[in-house]
Every structure is written in C-alpha cells, then in structure tokens.
Amino acid sequence: MGSSSAPVRRYHHVINGADHPSGAGSIARHAPDTGELVAEFASGDADTVERAVTAARTAFDEGPWPRMTGADRAAVLRALAASMERDRDHLARLDAEESGKPIRQALANVDASVALTQHAAALALSAHGDSHTNLGSDFTGLVTREPIGVAALITPWNFPLLLLAQKLPYALAAGCTVVVKPSELTASSTVEVARLAHEAGLPTGVLNVVLGAGSVGQALAESDAVDMVSFTGSTATGGKVIEASRHGAKKLSLELGGKAASIVFDDAEFEDALDGVLFAGVFNNGECCVAGARLLVQDTIADRFLEQLVARMEKLRVGATTSPATDIGPLIHAEHLQKVQSYVDGALAQGAKPLTGGAPLTGPGFDDGHFYPPTVLDAVTETHTVFQEEIFGPVITVTRFQDANEAVRLANGVRYGLGNSVWTKNIDTALTVARALRSGTVWINTTIDGAPQLPSGGVKESGYGREMGQAGFEEFTELKTVQIRSGRRTPFFSLGERP
Ligand code: NAD
C-alpha cells in the first residue's frame with residue numbers, strides 16, 4: 001500500500017528564493033492509508049512570518065515583478081505550467097500520499113492546476129484598465145488596474161495543489177507578491193511549486209512559503225505589511241481570519257465551507273442523475289467543499305433512485321491512495337474519521353435510516369488507515385444536524401420533496417451557499433430552480449464541473465470573493481482613477497473680484 005520504502009521528505013520554508021530553516025520544530029505527516037511517516041515540515045513562528053512578509057513587501061515595493069510587462073509575467077507563468085506538467089506524476093503522488101485522495105484524482109488535480117496557470121498567463125497578457133474620453137475634450141479619465149500588493153494565500157488540505165492554483169497564478173499574473181501558508185497536513189506540493197516557479201524565472205522574494213499550523217496563518221492575517229488575505233478553509237477559521245485582519249482594513253477573499261444539494265426531479269435523465277449524485281457525494285472521499293452531501297429527490301422516483309444509487313455505491317473500491325484502482329481513499333486523519341462517525345451516529349439517533357455503510361472499515365488493508373465506506377442515510381429532515389453541517393466524508397443524506405418550491409426551500413435552508421446541482425430535462429424547472437438557489441454556483445444536469453474561465457465562490461457563510469476567471473484575477477487588483485485636465489481649470493473661488 002501507499003508509500004512504503006520511499007524516503008521521508010523534509011521541507012523548509014521558502015523565503016527570498018532560498019530554503020529557510022524551521023522556526024519552531026517540525027511537523028510530522030503520516031500517510032492516512034498506511035500510517036507511515038512520509039514528510040516532515042518546518043514549523044514557522046512569528047519571526048519566520050516577519051521575514052517572509054518582509055521579503056514579499058520588498059519585492060513588491062522595490063522589485064521588478066509588479067513593474068515588468070504583462071507579457072514577461074505571462075512567460076514565467078507559462079514556464080511554470082510546463083514544469084508542473086513535466087512533474088505531473090511527482091506532484092500528484094505528493095498530494096495523494098498526504099491528503100488521502102486517490103491517485104487518479106490527484107493526477108486530474110495537477111492537470112487542472114496546469115490549465116489554471118496557463119489561463120492566468122493569458123490574463124497577465126491581456127490585462128488592462130479603462131479610459132473615459134466622453135467627459136469633454138479637455139478632461140480625460142483613466143481607470144488603471146494595479147496589483148493589490150502583498151497577498152497572503154492560506155490553503156486547506158483537501159486539494160493542496162488545485163486550491164493553490166486557483167489563487168497563486170492569478171495573484172502573480174496581477175503583479176502581486178505573495179506569502180503562501182499551506183495546510184500543515186499537505187504542504188509538499190506547495191513547496192515544490194515554489195521551487196518550480198523560481199526555476200521558471202520568478203524573481204526572488206515574489207513567492208515565499210511559510211509552513212506551520214494555524215498560528216502562522218493568523219500571524220499573516222494580522223501583519224500590517226500584508227495588503228490582502230485570500231483564504232480557503234472552514235467557515236469557523238474564516239471568522240478568525242476576519243477578526244485577525246481587521247487591523248489595517250485588509251482586503252479579504254474567503255472561500256469557506258459548503259453543504260451542496262443535488263436536486264433530482266422525476267423527469268431527470270435517470271442514469272446521468274445517478275452518476276452525478278454518486279460522483280458529487282463521494283468524489284475526493286467526500287472531503288470536498290462542493291460535495292453533493294445532500295440528495296434531494298422527488299418522492300415519485302425516490303425508492304427506485306435510491307435502490308440503484310446504493311447498488312453503485314457498494315461497487316466502489318475503497319483502498320490505498322496510490323493504487324490506480326482506488327475510487328475512495330482514507331480520510332485525512334483519525335480525528336476526522338471519528339467526527340464523520342459521530343455525525344452518522346447522531347443522524348441515526350435523530351431518526352435517519354442507513355441504506356449502506358455507516359461504520360469505519362476494518363481488516364487487512366484497512367487497519368493502518370482511516371477508511372470510511374460510502375454511506376447513504378435516508379429519511380433525513382432539515383432539522384437533522386447532518387442536513388445542516390459539513391460532514392466532509394463519503395456520506396450522502398437523502399431528503400424527499402414533492403415539488404420545485406419545496407426543493408428550493410430545502411436546498412436554501414442551510415447557512416452555506418457554495419454550489420448546488422439540479423437534475424431535470426424540463427427547461428422551465430431547471431431555470432426557475434437555478435435562479436432561486438442561493439449559491440455561488442449552480443450546475444444543471446452536471447456537477448462539480450468547471451473551467452478556468454468560470455469564476456467560483458460562495459454566498460452566505462460560504463464566504464465572499466471569487467476565484468478563477470476574470471473575476472478571480474481582479475480580486476488581486478485594485479482600481480486607481482487618474483483624472484486629467486488638459487485645458488484651463490475654471491477657478492472655484494472667484495478671488496479676483498474681492499477687494
Ligand atoms: P481549516 O479552516 O482548518 O484550515 C485552512 C487553513 O487555515 C490551513 O492552512 C490552516 O492551517 C489555516 N488556519 C488555521 N487556523 C487559522 C487561523 N486562526 N488564522 C489563519 N489561518 C488559519 O480548513 P481545513 O480543515 O484545512 O479544510 C477544510 C475546510 O475547507 C472545509 O470547511 C471546506 O469546506 C473548506 N474548503 C472550502 C473551499 C472553497 O472553495 N470554498 C475549498 C476547499 C475547502
């Protein structure tokens with residue numbers, strides 16, 4: 001299984017283009033499928049954060065990166081994308097071993113990260129502001145788009161490389177300098193990308209990485225030398241980032257938790273809906289912010305749909321992250337496995353009915369890891385805790401509805417608003433429901449799809465700000481209005497008429 005006999009990786013912080021030793025000991029990472037030690041990460045302290053932020057500040061205030069042409073920045077980003085593509089297998093293996101995601105999904109994450117980096121390069125090339133020449137022949141307005149400055153990028157463990165790629169290339173394309181704080185559980189691919197970026201020609205000090213636990217992220221959010229924090233993580237931690245960043249009124253972009261619904265109407269293409277509900281529910285072990293954790297199914301087809309969903313769930317292969325045959329890998333760590341189990345136990349106590357799964361997997365191949373089977377809980381109502389809170393495991397809850405109004409009310413009846421999917425062949429139903437859903441993304445007859453051109457983000461307690469697309473690029477910029485009088489200015493005070 002997994003990572004046997006590979007040497008333990010050791011990673012330092014990256015500050016001013018060089019490895020920087022640990023400030024406060026190190027953090028050991030054990031593979032979630034085998035329990036083997038796979039990596040040791042440096043652990044930063046206040047001094048490390050200060051050094052990294054100073055490096056980024058100096059690179060922004062005095063260095064070439066914000067001042068060079070968009071074409072030159074684009075060239076560096078394209079070179080970075082090419083080297084990520086070259087190191088595809090290596091990067092995927094790091095993410096799979098540390099996060100527990102199946103290797104096939106880790107490989108797809110690298111491909112998507114390459115595409116995002118290429119897209120950001122194209123935006124660097126084409127970025128421009130606005131001019132206003134209809135204000136009179138002697139008055140011109142320029143609205144320039146400028147890099148926001150030093151951006152702190154804080155990422156979670158569930159998509160280490162992909163979520164970095166939703167932020168970093170866009171920040172760099174805009175001309176920002178950055179300090180990245182990856183999750184302490186999955187930091188390897190971030191340090192590798194920093195190395196590749198320097199090989200690709202990124203000037204030193206533009207991209208710095210500080211490793212460590214939440215206190216490092218907190219110190220970044222508090223730092224006066226940081227202009228913006230782009231954070232992806234839980235809603236609870238997002239609240240701490242809001243508090244920490246108050247001083248100095250930094251700009252924030254927050255990608256927080258979610259509780260997506262897959263809404264299946266009785267006129268849906270049955271096979272497509274089954275496939276989509278299955279994928280959305282258990283993709284990435286269910287440890288996904290837009291996981292279709294809630295199935296809302298029209299009561300007229302519910303029994304038939306569930307019977308076939310369960311049959312498919314039971315065919316999924318749970319196993320080692322590095323096996324190409326694996327559909328579902330281990331959960332991130334033992335405490336998380338317990339948390340998922342306590343959500344399931346709580347649901348059963350509140351009246352939910354288990355259709356499959358429901359207890360950790362044990363036996364050969366499972367005993368050294370944190371394996372949880374695909375699980376379906378029927379008869380879940382909107383008052384149940386599992387309907388309202390993120391479980392973050394391969395668990396789908398089922399709630400039946402009668403009509404579109406009830407489906408929308410149920411889907412919107414949570415504090416999150418990240419993504420939802422609608423499955424119907426009726427265009428009126430699809431559009432009416434899509435427009436009524438309160439979420440940053442709605443998928444119609446597909447789910448967890450995307451493209452670099454399409455922005456992603458949340459409403460309600462799923463956060464604010466957008467990643468990817470033109471909007472994702474613009475998050476890392478601010479507008480400057482330059483007003484130019486080319487004719488004589490009419491005096492405001494007529495002082496000449498006074499004695
Ligand atoms: P988390 O909030 O525990 O940690 C995220 C990052 O924040 C980590 O790097 C962590 O070290 C850091 N951190 C912890 N405390 C901090 C503090 N006080 N100040 C600043 N930084 C701090 O989240 P997680 O468990 O790593 O990830 C899972 C969560 O992320 C889920 O809630 C999931 O929905 C969410 N998520 C959201 C998106 C999205 O796009 N909206 C994408 C992926 C994950």
Side-chain angles (χ1 to χ4, degrees), residues 27 29 32 41 43-44 46 49 95 98-101 109 112 116 152-167 179-187 189-190 209-223 226 229-246 250 252-260 283-293 331-333 335-336 339-340 343 389-393 414-419 439-441 448 450 454-469 472 475:
I27 297 173
R29 181 65 185 138
F41 304 125
S43 177
V49 170
D95 269 9
E98 291 166 21
S99 73
K101 70 174 68 226
N109 289 171
L116 288 163
L153 313 180
I154 304 174
T155 54
W157 50 260
N158 58 342
F159 293 92
L161 180 66
L162 183 62
L163 294 176
L164 177 70
Q166 289 187 193
K167 300 179 190 296
V179 180
V180 186
K181 206 303 273 178
S183 167
E184 57 274 34
L185 300 167
T186 56
S189 58
T190 297
V209 181
V210 184
L211 306 177
S215 57
V216 170
Q218 176 99 16
L220 282 171
E222 284 168 358
S223 170
V226 167
V229 181
S230 173
F231 171 83
T232 304
S234 63
T235 296
T237 311
K240 292 183 189 166
V241 170
I242 293 172
E243 282 304 316
S245 64
R246 274 196 203 290
K250 297 179 184 69
L252 291 184
S253 175
L254 300 174
E255 305 288 328
L256 308 177
K259 192 71 189 175
F283 160 73
N284 211 57
N285 313 336
E287 295 167 321
C288 177
C289 53
V290 284
L331 298 182
I332 186 75
H333 48 54
E335 298 72 35
H336 188 55
K339 188 172 160 191
V340 170
Y343 272 124
E389 295 184 12
E390 268 192 318
I391 303 173
F392 234 57
V414 294
R415 65 187 178 123
Y416 297 111
L418 205 52
S439 55
T441 298
I448 317 189
L454 300 177
S456 157
V459 300
K460 300 199 283 185
E461 291 188 40
S462 291
Y464 47 81
R466 290 294 178 268
E467 298 201 322
M468 310 194 291
E475 287 287 337

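Every number for a ligand or one of its atoms is a count from 1 in the order of the listing.
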Q.
On a heavy-atom basis, which atom in Pro182 and which in Val210 lie closest, and how many Å separate them?
A. CD-O, 3.6 Å
(Q) Counting only heavy atoms closer than 4.0 Å, does ligand 1 sit against the backbone of Glu255, its side chain, both, or neither? (A) both
Q. Given Ser215, Ala213, Gly233, Gly257, which has its nearest heavy atom closest to atom 35 (C) of ligand 1?
A. Gly233
Q. Purely on distance, is any nitrogen or oxygen of Trp157 under 3.5 Å from one on ligand 1?
A. yes
Q) Which of the numbered atoms in ligand 1 are below 4.0 angstrom from a heavy atom of Pro182? A) 9 (O)
**Q.** Glu184 and ligand 1 - part of the residue with a heavy-atom distance under 4.0 Å
**A.** side chain
**Q.** Results of side-chain contact (heavy atoms from CB on, under 4.5 Å) for Ser234 - residues two or more places apart only
**A.** Ala236, Thr237
Q.
Can you name the atoms of ligand 1, numbered from 1 with element, that are less than 4.0 Å from a heavy atom of Leu418?
A. 41 (N)
Q) Taking heavy atoms and a distance under 4.0 Å, where does Val216 meet ligand 1: side chain, backbone, both or neither? A) neither
Q | atom 1 (P) of ligand 1: any protein heavy atom closer than 4.0 Å | A | yes
Q: Using a 4.0 Å heavy-atom threshold (strictly under), name the region of Asn158 that reaches ligand 1: side chain, backbone, both or neither.
A: side chain
Q. So which heavy atom in the protein is nearest atom 12 (C) of ligand 1, and how far is it from that ligand atom?
A. Ile154 CG2, 3.8 Å
**Q.** atom 27 (O) of ligand 1: the protein heavy-atom neighbour that sits closest, reported with distance to 0.1 Å
**A.** Pro156 CB, 3.2 Å
Q. Picking from Asn109, Asn285, Asn158, Asp95, what satisfies side-chain hydrogen bond (donor to acceptor under 3.5 Å, both in side chains) with Lys101?
A. Asn109
Q. With a cut-off of 4.0 Å, which atoms of ligand 1 are near a heavy atom of Val241?
A. 19 (N), 20 (C)
Q. Counting each atom of ligand 1 from 1 as listed, which ones have a heavy atom of Lys181 under 4.0 Å away?
A. 8 (C), 9 (O), 10 (C), 11 (O)
**Q.** Heteroatom distance test (Gly217, ligand 1): nitrogen or oxygen, under 3.5 angstrom
**A.** no
Q | Thr237 N/O under 3.5 Å from ligand 1 N/O | A | yes
Q. Among Thr186, Leu153, Thr155, whose heavy atom sits nearest atom 6 (C) of ligand 1?
A. Thr155
Q) Is there side-chain contact between Lys339 and Leu331, with at least one heavy-atom pair below 4.5 Å? A) no
Q) Which residue supplies the protein heavy atom nearest to atom 7 (O) of ligand 1, what is that atom called, and how far is it? A) Phe231 CE1, 3.2 Å
Q: Compute the shortest N/O to N/O distance between Ser462 and ligand 1 and return yes if it is under 3.5 Å, no if not.
A: no
**Q.** Protein heavy-atom partner closest to atom 42 (C) of ligand 1 - residue, atom, separation in Å
**A.** Cys289 SG, 3.0 Å
Q: Report the nearest protein non-hydrogen atom to atom 34 (O) of ligand 1: residue, atom name, distance rounded to 0.1 Å.
A: Glu390 OE2, 2.5 Å
Q | Cationic N near anionic O, under 4.0 Å, Glu390 to Lys259 | A | no
(Q) Which of the numbered atoms in ligand 1 are under 4.0 angstrom from any heavy atom belonging to Lys240? (A) 18 (N)
Q) Hey, does Ser183 sit under 4.0 Å from ligand 1 if you only count heavy atoms? A) yes
Q. When only distance counts, is Gln218 in polar contact with ligand 1, meaning an N/O pair under 3.5 Å?
A. yes
Q: For ligand 1, indicate whether the residue Phe159 contacts it via side chain, backbone, both or neither (heavy-atom separation under 4.0 Å).
A: neither
Q: Please write down residue, atom name and distance for the protein heavy atom closest to atom 23 (O) of ligand 1.
A: Ser234 N, 3.5 Å
Q | Nearest neighbour in protein (non-hydrogen) for atom 5 (C) of ligand 1 | A | Thr232 O, 3.7 Å
(Q) So if I count the atoms of ligand 1 from 1 in the order they appear, which ones are less than 4.0 Å from some heavy atom of Leu163? (A) 42 (C), 43 (C)
Q) In chain order, what residues pass the side-chain contact (heavy atoms from CB on, under 4.5 Å) check against Leu254, with sequence neighbours excluded? A) Phe231, Val241, Ile242, Leu252, Leu256, Tyr464
Q | Min heavy-atom dist Gly457 to ligand 1 below 4.0 Å | A | no
Q: Could you list which atoms of ligand 1 come closer than 4.0 Å to a heavy atom of Gly214?
A: 11 (O), 13 (N), 14 (C), 15 (N), 16 (C), 17 (C), 19 (N), 20 (C), 21 (N), 22 (C)
Q) If you look at every heavy atom in Lys250 and Ser223, which pair is closest and at what distance? A) CE-O, 2.9 Å
Q | Per-atom contacts, ligand 1 versus Phe392 - under 4.0 Å to a heavy atom | A | 28 (C), 31 (C), 33 (C), 34 (O)
**Q.** Shortest protein heavy-atom distance from atom 41 (N) of ligand 1, along with the residue and atom involved
**A.** Leu256 O, 2.7 Å
